[in-house]
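Comments concern the structure below.
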Amino acid sequence: MSAPDVVVVGAGPAGLAAAATLGRHGAAVTVVDEQEQPGGQIYRQPPAGFTPPAGSSPAGRALLAEATAAPGVRWLADTTVWGVLGTRAGLDGYAGDQPPPGRYRVATHGPVGVRLLEPRAVLLTAGAYDLPVPFPGWTLPGVLTAGGVQTFVKAQGLLPGGRFVLAGGHPLLLVVAAQLVRAGARVVEVALIQRRRDLLPGPAGLAAAAGAGGKIAEGVDALRVLRRAGVPVRFGTVVRRAAGDPDLTTVTLAEVGPTGLPVSGTDRDVPCDVLALGYGFVPSVELARQAGCAVTWDSPAGGWVVRHDEWLRTSVPQIAVAGELTGVAGAEQAEVEGRLAALGVLRDLGLLDEHRAVTLARPVRRELRRRRRFVTQVLDRFAPDRAALGSLVTDDTVLCRCEEVRAGDVRRALRANPHLGTANAVKLVTRAGMGLCQGRSCQPGLCQLISTLTGRGPEQVGAFTAQAPVKPVPLRALAVGDEPPAAD
Amino acid sequence: MTSYDTAVIGGGLLGCATAWHLARAGNRVLLVEKDQVNRHASGQNAGSLHFQLEFRMVEHGDDAARAAARALPLHLDAMRAWATVEDELGERCGVSRTGGLMLAETPAEIAVLDRKAALEREYGLDVAVLSGPELRRFAPYLADTVLAAGHVPGEGKANPRLVTPALARAAGRYGAVLRTGCRVTGLHRRGRHWELRTGTGPGDTAGETHLADTVVLAGGVWTAELAAMADVRLPVFPVGLTMSATARSRPFLPHLIQHVGRRLSMKQTEDGNVLIGGGWPAKLVSRAGQVDLETNPELRYESLVGNADAARVVPAVFDLPVIRTWTGMTTLTPDHLPLLGAVPRRPGLFVATGGSAFTLGLTYARLLARMVVTGETDRSIEDYSPSRFGALNFV
Amino acid sequence: MDRPEPVTIEVDGRTVPAHPGESLATALLAAGERAVGTTRGGARRAPYCNMGICFECVVTVDDVPCQRSCLIRVRADMRVRTAVPR
Ligand SMILES: Cc1cc2nc3c(=O)[nH]c(=O)nc-3n(C[C@H](O)[C@H](O)[C@H](O)COP(=O)(O)OP(=O)(O)OC[C@H]3O[C@@H](n4cnc5c(N)ncnc54)[C@H](O)[C@@H]3O)c2cc1C
Ligand SMILES: Cc1cc2nc3c(=O)[nH]c(=O)nc-3n(C[C@H](O)[C@H](O)[C@H](O)COP(=O)(O)OP(=O)(O)OC[C@H]3O[C@@H](n4cnc5c(N)ncnc54)[C@H](O)[C@@H]3O)c2cc1C
Ligand code: FES
């Protein structure tokens with residue numbers, strides 16, 4: 001099989017739009033996604049052979065159809081990209097097969113084992129995941145992310161419990177709560193940390209909102225469904241504790257004061273068997289960071305985001321990004337960015353001349369500007385107050401789920417080693433971040449704790465070094481077996 | 001401007017251990033580290049405590065092996081140092097000395113193993129070549145392809161995550177001053193003192209000047225750069241290395257595993273992860289024609305495959321997922337022997353690097369500290385002296 | 001949602017019905033398994049992100065350890081071990 005021109009990592013809205021655009025203009029594209037079906041998180045489709053109930057036509061069908069119909073697009077499903085190699089020192093033939101000059105190796109693992117793709121350009125559209133916010137009891141069975149609950153309901157047709165509480169600080173909670181109600185679930189309460197008065201849009205917000213009718217309508221619709229079902233939506237409320245033995249039976253909710261901290265004496269225990277948490281999203285930048293792409297700290301946009309130029313090209317030549325990796329901004333903006341990044345790649349590959357690329361990009365850029373105005377407003381309002389969330393952690397709270405490192409362990413390690421103060425250094429002494437998830441679940445909470453304890457800012461604390469494989473790969477699949485891993 | 005008896009440059013295992021020995025002996029010590037303690041090779045290495053000759057020392061024939069064997073007295077010293085270090089520090093550092101095996105899979109490899117063992121015994125290393133049922137009983141986890149193994153009882157591992165921070169704390173307890181995020185940018189002889197200039201590191205400290213009677217260069221791969229600040233040329237070279245770690249599993253691998261015919265080091269940590277390394281190269285990054293020592297070397301796919309493939313001598317490892325790989329840099333010398341001792345014509349300047357300086361670091365540190373304090377050592381270190389590269393230095 | 005006829009899978013020696021193609025995490029939850037494993041410290045753990053990020057849902061499938069049950073799809077007769085401490 002001939003080497004693709006472009007490898008797109010992630011088949012969400014950004015990746016789909018990019019693949020459609022790239023394919024339409026003659027590029028040979030390979031789209032790789034870990035999931036069985038394209039669609040990413042929002043347009044997640046049910047498994048093959050499952051028919052969703054009539055009337056629930058999946059959103060994004062047009063985009064999916066456009067991408068799958070585009071010529072020259074090859075799909076690698078169930079396949080994880082675990083590294084982009086050769087971006088720092090270049091590839092050479094001293095130690096093995098000679099890769100074509102000027103190409104990177106995109107290392108994948110899927111049903112056929114480990115395979116290397118050697119494209120001329122890489123587009124990272126790996127999306128985002130729910131911001132993990134540690135607090136006492138968050139590791140109990142029954143505590144899930146809102147996105148996780150949504151996937152059970154929407155893509156698997158399963159209600160993962162009987163009594164649901166949704167808590168956090170992101171409007172997605174309302175959408176998921178409404179989906180749960182529609183699916184027949186008993187939703188006991190939706191608790192949002194923001195106080196109602198902090199959410200009212202200013203004049204600029206109202207003006208920007210005019211450009212985003214869809215999202216607002218979705219929110220209003222969700223609120224209506226919840227009201228009709230009698231589900232209380234409480235603002236200024238935070239979940240402080242989850243409890244139960246052996247599994248979740250109760251959550252403790254409390255009122256939030258003007259400083260963002262829970263007000264003592266306002267605790268209320270609410271029985272439930274599922275707690276869905278939604279505090280916003282973290283861009284999946286680990287592959288970009290592994291490849292050496294420069295990142296910047298942007299808290300409202302989700303934390304570390306990938307730096308890029310006006311064509312969404314990263315600091316590493318031939319690697320572009322689109323969607324949540326540039327900052328969490330939602331599916332519509334991801335789609336627009338996917339198109340723009342694709343035009344940039346086509347231009348760099350010489351498949352579009354400068355004039356055409358610029359002309360085609362003009363309306364896309366206009367659309368992007370319009371969306372960004374709205375998104376900025378939303379992000380500012382729903383940005384996580386990391387210091388306040390950090391105060392939910394007690395010494396006994398597990399920060400690193402994989403290695404069971406507790407906040408107290410980190411506090412003690414920093415006290416014993418006052419000369420340490422970075423994420424990497426704390427990882428090395430405590431093992432936080434050394435487990436299977438490679439730090440995705442603990443990095444935000446850990447870094448916040450280090451900041452609080454040492455007074456260092458997020459840039460100084462830094463992030464865990466991102467290393468290949470960014471997701472685990474079976475050793476057997478890496479070893480040269482009877483069938484050597486072939487480049488294709 | 002503060003003045004010290006000794007300034008130690010580098011907060012790796014070597015620097016921290018040297019500072020500890022010196023401070024314990026009553027020296028006023030300054031330890032300067034440009035990043036964080038244990039940030040580089042000392043925190044990135046495989047943690048093998050190997051006292052046999054390594055594959056890289058025997059792969060180039062008997063003469064090369066004989067030359068490299070001149071470091072064996074240090075290996076024996078290091079074996080004793082690791083036996084007591086946890087007691088001396090008063091805390092656990094994951095030291096385990098349950099023995100190491102160097103595997104052979106072909107008759108030719110067995111022959112190398114036998115010759116190597118004979119050479120090592122000349123230096124007093126307790127090594128036995130196991131095979132057949134004896135080997136199976138001792139190491140039931142080995143693949144059938146393994147025919148024989150050189151066994152050294154005192155070999156094992158220590159936890160690189162824990163050792164160097166513990167040494168740093170111990171040095172601090174004896175009064176050593178630790179400066180992290182503080183890069184030495186200049187090193188000059190002023191009268192009877194050395195003057196250290198420090199620049200702003202990525203973190204904490206602004207530029208300062210310090211005076212010290214003696215200076216110890218413990219800069220790992222930056223040793224040549226540091227020596228050049230004192231107008232000395234030392235032929236030490238950075239090499240990039242690759243490590244892989246698997247997910248945790250139940251304890252099944254109590255020994256350190258090496259291979260006499262290819263690159264392999266393998267062990268299971270106390271936490272249950274299996275670490276695989278043994279000299280698989282990583283590609284150094286260069287910028288403007290210079291090796292960029294501040295950027296981790298690039299992972300080579302072939303090294304990762306090599307790492308994984310070498311692990312087939314322990315089939316149980318094959319079922320585990322690799323959860324992480326990393327690369328790091330270490331220093332080699334042209335003759336594979338350590339570089340250890342006083343720098344000629346630079347009174348009060350000492351250096352150590354090269355070789356397996358995790359295994360040997362405690363020994364280097366003890367010998368350096370003794371030289372700094374008393375001007376001599378309890379064993380000859382002539383063979384490792386920087387003076388063997390005297391031809392590179394004219395003043 | 002309409003789904004294919006159920007098949008059976010084996011979970012820790014028990015026979016459990018499941019729909020081919022659904023995620024293993026879904027099948028386990030539907031079968032009443034609220035947790036899919038235990039940490040070394042003895043804590044019960046269950047799917048948390050349900051999208052392949054957190055590795056809280058890992059099980060051993062057909063002797064291969066550390067498989068994310070939220071990504072793995074049900075196949076008839078698959079053998080699942082949840083009791084392996086991690
Ligand atoms: C769980 C969840 C639920 C959400 N629900 C809603 C909602 O109801 N409404 C709403 O408006 N927004 C929702 N969002 C936000 C919305 O999904 C995003 O804004 C949008 O999908 C972003 O599109 P994207 O293309 O950037 O990334 P995504 O849609 O996240 O797509 C990224 C894709 O990349 C794949 N991927 C990532 N890394 C790798 C790798 N290393 N190898 C292979 N594949 C990889 C992933 O499997 C995924 O399919 C949700 C987000 C999440 C995480
Ligand atoms: C992947 C890998 C695996 C290895 N495996 C083993 C093994 O199993 N067994 C073994 O014995 N050895 C092993 N080694 C080698 C061993 O790790 C090193 O020899 C040893 O750690 C060196 O210690 P060090 O203190 O001299 O150097 P380092 O740990 O590199 O410390 C030197 C320090 O000096 C600092 N520094 C440099 N310049 C300046 C300056 N101008 N100002 C201030 N500070 C400065 C650096 O920041 C650094 O922290 C391995 C090495 C690697 C990379
Ligand atoms: S539930 Fe998080 S990886 Fe499966």
Side-chain angles (χ1 to χ4, degrees), chain A residues 82-83 85-92 94-97 99 105 107 109 114 116 290 292 402-403 413 416-422 424-431 433-439 456 459-460 462 465 467-481 484-485 487, chain B residues 11 33 35-39 43-44 160-162 165 168-169 172 178-181 202-204 240 244-248 271 273-274 276 280-286 292 295-312 317-327:
Chain A
W82 54 264
L85 310 178
T87 54
R88 285 182 169 81
L91 295 165
D92 58 52
Y94 305 138
D97 294 339
R105 281 176 164 170
H109 176 247
V114 167
L116 301 175
Q290 180 274 324
C402 303
E403 300 294 313
N417 301 282
H419 46 279
L420 301 183
T422 63
N424 277 327
V426 172
K427 169 179 174 174
L428 209 53
V429 289
T430 63
R431 286 186 65 87
M434 289 200 174
L436 280 177
C437 88
Q438 289 156 324
R456 301 164 129 236
E459 283 93 351
Q460 279 178 299
T465 307
Q467 264 129 354
V470 301
K471 301 249 173 110
V473 180
L475 193 100
R476 191 185 296 280
L478 283 168
V480 192
Chain B
E33 165 55 52
D35 297 310
Q36 301 240 311
V37 161
N38 208 28
R39 166 73 184 77
Q44 294 168 328
R161 302 193 296 107
L162 306 180
R169 285 195 299 274
L178 257 72
R179 284 298 175 82
T180 58
D204 308 320
S244 308
T246 70
R248 289 187 313 216
D271 303 292
N273 310 83
V274 177
I276 309 167
W280 291 93
K283 191 171 181 185
L284 298 178
V285 177
S286 54
D292 176 1
T295 305
N296 258 9
E298 171 126 33
L299 178 70
R300 281 179 189 272
Y301 178 71
E302 292 77 6
S303 286
L304 188 48
V305 171
N307 242 319
D309 203 42
R312 62 175 67 246
V317 177
F318 249 49
D319 287 329
L320 298 172
V322 173
I323 60 172
R324 223 173 12 259
T325 64
W326 63 93
T327 62

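Residue numbering restarts at 1 for every chain, and letters A, B, ... go by the order of the sequence lines.
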When heavy-atom pairs shorter than 4.5 Å are enumerated against chain B, which of A:Pro474, A:Pro469, A:Gly292 gives the highest number?
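Sorted descending by pairs with chain B, the first entry is A:Pro469.
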With A:Leu428, the side-chain contact (heavy atoms from CB on, under 4.5 Å) member among B:Arg161, B:Gln44, B:Arg39
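Going through the options one by one, the only one that passes is B:Arg161.
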Out of B:Leu284, B:Thr327, B:Thr295, which residue meets the side-chain contact (heavy atoms from CB on, under 4.5 Å) rule with A:Arg88?
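Running side-chain contact (heavy atoms from CB on, under 4.5 Å) over B:Leu284, B:Thr327, B:Thr295 with A:Arg88 returns exactly one hit, B:Thr295.
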Tell me which of these, B:Thr246, B:Asp292, B:Val37, has more heavy-atom pairs under 4.5 Å with chain A than the rest.
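With the most close heavy-atom pairs to chain A, the winner is B:Val37.
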Is any side-chain heavy atom of [X] closer than 4.5 Å to a side-chain heavy atom of [Y]?
X        : Y        : result
A:Trp82  : B:Thr325 : no
B:Trp326 : A:Thr465 : no
B:Leu162 : A:Val429 : no
B:Asn273 : A:Arg431 : yes
B:Glu33  : A:His419 : no

Which residues pass the salt bridge (charged side-chain N to carboxylate O under 4.0 Å, His left out) test with B:Arg169, not counting sequence neighbours?
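Only B:Glu91 meet the salt bridge (charged side-chain N to carboxylate O under 4.0 Å, His left out) criterion with B:Arg169.
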Stepwise salt bridge (charged side-chain N to carboxylate O under 4.0 Å, His left out) check, A:Arg105 with B:Glu302:
CA-CA 12 Å; A:Arg105 281 176 164 170; B:Glu302 292 77 6; 2.9 Å; yes
A:Ala425: side chain to side chain contact (heavy atoms under 4.5 Å, CB included) partners, not counting sequence neighbours
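Checked A:Ala425 against side chain to side chain contact (heavy atoms under 4.5 Å, CB included); matches are A:Leu420, A:Thr422, B:Gln36.
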